[in-house]
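The next block holds one structure in the form of structure tokens; read it before the comments.
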Number of protein chains: 2
Amino acid sequence: MSAESTDHRKRPRRRGEALVNAILEATIEELAEHGYAALTMEGVAERARASKASLYRRWTSRSTLVMDAVYHLLPHPSDIPDTGELRGDLLLLLRRTARTLSGPAGEALRGLLGEALPYPEHAAEIRSRSQGMGRQMMAEVTRRAVARGEIPAEAVAGARLDVGQALLRNHFLFRLEPIPDSLVVEIVDTVLVPLFHTPPYEPSGPGGAPEQEREPVRAPEPWWDREPEPGQDREWERSRER
Amino acid sequence: MSAESTDHRKRPRRRGEALVNAILEATIEELAEHGYAALTMEGVAERARASKASLYRRWTSRSTLVMDAVYHLLPHPSDIPDTGELRGDLLLLLRRTARTLSGPAGEALRGLLGEALPYPEHAAEIRSRSQGMGRQMMAEVTRRAVARGEIPAEAVAGARLDVGQALLRNHFLFRLEPIPDSLVVEIVDTVLVPLFHTPPYEPSGPGGAPEQEREPVRAPEPWWDREPEPGQDREWERSRER
DNA sequence: CATTTTAGGAAACTCGGCGTTCTCTAACGA
DNA sequence: TCGTTAGAGAACGCCGAGTTTCCTAAAATG
């Protein structure tokens with residue numbers, strides 16, 4: 001029984017919520033540092049100065065732990081911005097999503113999808129947590145725009161509500177870089193705003209489809225204009241906070 | 001198969017391409033059966049009746065093997081459908097993507113994303129292979145529509161080319177079910193066709209239809225020059241070590 | 001056809017993480 | 001104060017990644 005030099009089990013022991021928080025925090029850090037695929041339970045335990053047994057006492061698997069950890073840092077969908085005009089709301093909404101994706105939550109998202117087949121119930125959870133939220137906020141924002149008379153009610157059709165989030169996720173998942181703000185502006189100006197000002201196409205519709213008199217949609221601001229115009233409003237490039 | 005394991009080393013031995021094909025085929029099957037996360041090199045080797053050494057002689061890791069296997073069953077982007085009208089082309093294009101995603105390629109896509117952080121170079125590969133292809137085909141189809149006079153050239157703006165694929169991937173990644181054809185039709189009719197037609201804004205709102213200044217949307221850069229992504233050398237697929 | 005060269009098969013091996021279980025003890029509660 | 005709960009830490013068996021060794025089948029060469 002040769003007592004090792006640092007054999008002391010004298011550390012102040014955390015229990016309950018304090019321990020849980022430490023573990024979740026460590027999980028987020030490991031996630032941000034190594035990504036999902038390289039995240040190990042042992043790594044989390046060591047970083048949190050906890051034992052693996054403590055982890056398994058609460059979470060049955062890596063994926064449940066990660067989901068739980070990520071859930072605690074997602075923005076709550078309750079507060080939906082209201083700038084008084086559709087474009088401003090959309091910009092705020094997408095910027096928020098972009099910021100969330102650029103953090104550890106995005107890293108988790110990447111990896112959790114890969115385990116969808118073995119654990120279908122997890123996939124359902126991811127979907128309800130991340131996707132439902134985005135569509136809900138889009139629905140609210142467009143509803144307001146319709147109420148304001150800014151856009152026609154028919155323009156708010158099912159799949160359209162997903163377009164913005166889908167484009168952001170698409171960029172994020174397939175590129176490692178964080179989402180540049182210029183992409184957000186581009187999505188809003190070249191896709192979302194025109195789309196929500198336009199009623200959907202009806203294949204059996206009257207008048208023949210592409211035959212309408214084409215009045216150009218309103219072209220908001222230049223979306224990626226590099227021209228050195230001095231009067232350019234680049235306000236949104238600075239409004240990274242929020 | 002017929003050879004008993006006690007009968008050592010009497011099986012007819014495959015070499016070169018025959019062996020490679022057997023391994024890739026086995027990889028696809030394992031992928032479809034267990035998903036990416038549960039795919040093991042040992043499992044692939046056993047199913048292909050090959051040795052792990054034979055795998056590692058050609059592929060340095062699980063992810064490179066999977067990427068190579070998937071690459072061989074992706075539809076070649078060269079043959080792009082031409083139905084004579086934009087809507088028909090879009091339907092064919094998206095249906096093809098939907099079919100691809102519903103197979104083992106989709107399963108691989110899910111899992112490979114989770115390894116993006118540890119292996120950034122893999123992420124670049126996935127991007128150039130799956131995303132670049134989709135955008136390329138979209139670009140071709142819309143180019144034809146413009147040439148036909150079906151849609152205005154200004155309607156073909158950067159981010160719009162990704163909308164269709166992004167929506168499909170979005171659905172696929174967050175729901176386990178295969179993509180229903182109704183979704184494809186919905187995307188085409190409520191999102192893509194209106195978007196590429198940039199149809200007129202109908203001031204149907206009572207009292208104060210928005211009367212903004214209409215500058216036509218201008219095409220920024222030739223879209224076919226965007227995102228060629230310099231890493232086109234497919235060096236790794238010929239990873240002949242030794 | 002005989003011999004050399006190349007490359008695949010099987011199995012053993014190391015290494016590291018998973019998930020479990022054990023002992024010991026700090027923290028808590030009555 | 002004393003029992004109860006729960007966390008720390010270590011050890012364990014297991015499995016798959018990736019490597020290596022030995023042997024031999026298949027191709028290349030004459």
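Naming convention: chains lettered A, B, ... in sequence-line order (proteins, then strands); numbering from 1 in each chain. What you are looking at is a predicted structure, and each value in this text was computed from that prediction instead of being measured.
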Any protein N or O atoms within reach of nucleotides 16-20 of chain D? Criterion: under 3.5 Å, listing atom names and distances.
{"from": "D:dA17", "atom 1": "OP1", "to": "B:Met41", "atom 2": "N", "distance (Å)": "2.8"}
{"from": "D:dA17", "atom 1": "OP2", "to": "B:Met41", "atom 2": "N", "distance (Å)": "3.3"}
{"from": "D:dA17", "atom 1": "OP2", "to": "B:Glu42", "atom 2": "N", "distance (Å)": "3.3"}
{"from": "D:dG18", "atom 1": "OP2", "to": "B:Tyr56", "atom 2": "OH", "distance (Å)": "3.2"}
{"from": "D:dG18", "atom 1": "N7", "to": "B:Lys52", "atom 2": "NZ", "distance (Å)": "2.5"}
{"from": "D:dG18", "atom 1": "O6", "to": "B:Lys52", "atom 2": "NZ", "distance (Å)": "2.7"}

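As rounded to whole Å, 16 Å separates atom C1' of C:dA27 from atom CD of A:Glu17. Put simply, CD on A:Glu46 is 13 Å from C1' on D:dA8, counting in whole angstrom units. Spacing between atom CZ of A:Arg13 and atom C1' of D:dG7 amounts to 5 Å, rounded to whole angstrom units. Across the protein-nucleic acid pair, A:Arg49 atom CZ and D:dA8 atom P stand 8 Å apart, rounded to whole Å. For the pair A:Arg57 CZ and D:dA8 P, the interatomic distance rounds to 8 Å; values are reported in whole Å.
Between the side chain of B:Arg62 and the backbone N or O of B:Tyr36, at least one donor-acceptor pair lies under 3.5 Å.
In this model, no donor atom of one side chain and acceptor atom of the other lie less than 3.5 Å apart for A:Thr97 and A:Thr100.
For C:dA27, its base sits under 3.5 Å from the side chain of A:Arg15 at one donor and acceptor pair at least.
A salt bridge between B:Asp189 and B:Arg87 is present, with a side-chain N of the basic residue lying under 4.0 Å from a carboxylate O of the acidic one. Remark: A:Glu33 engages A:Arg47 in a salt bridge, criterion side-chain N to carboxylate O under 4.0 Å. A salt bridge is defined here as a Lys NZ or Arg NE, NH1 or NH2 lying under 4.0 Å from an Asp or Glu carboxylate O, and A:Arg160 with B:Glu186 fails to meet this definition.
Between A:Val184 and A:Leu168, the closest side-chain pair of non-hydrogen atoms falls below 4.5 Å.
A close approach under 4.0 Å does not occur between any side-chain nitrogen or oxygen of A:Arg58 and OP1 or OP2 of D:dA6. The phosphate of D:dG7 (OP1 or OP2) has no side-chain N or O of A:Arg14 nearer than 4.0 angstrom.
Residue B:Ser54 is in sugar-phosphate contact alone, with no base atom involved, counting any heavy-atom pair closer than 4.0 Å across all strands shown.
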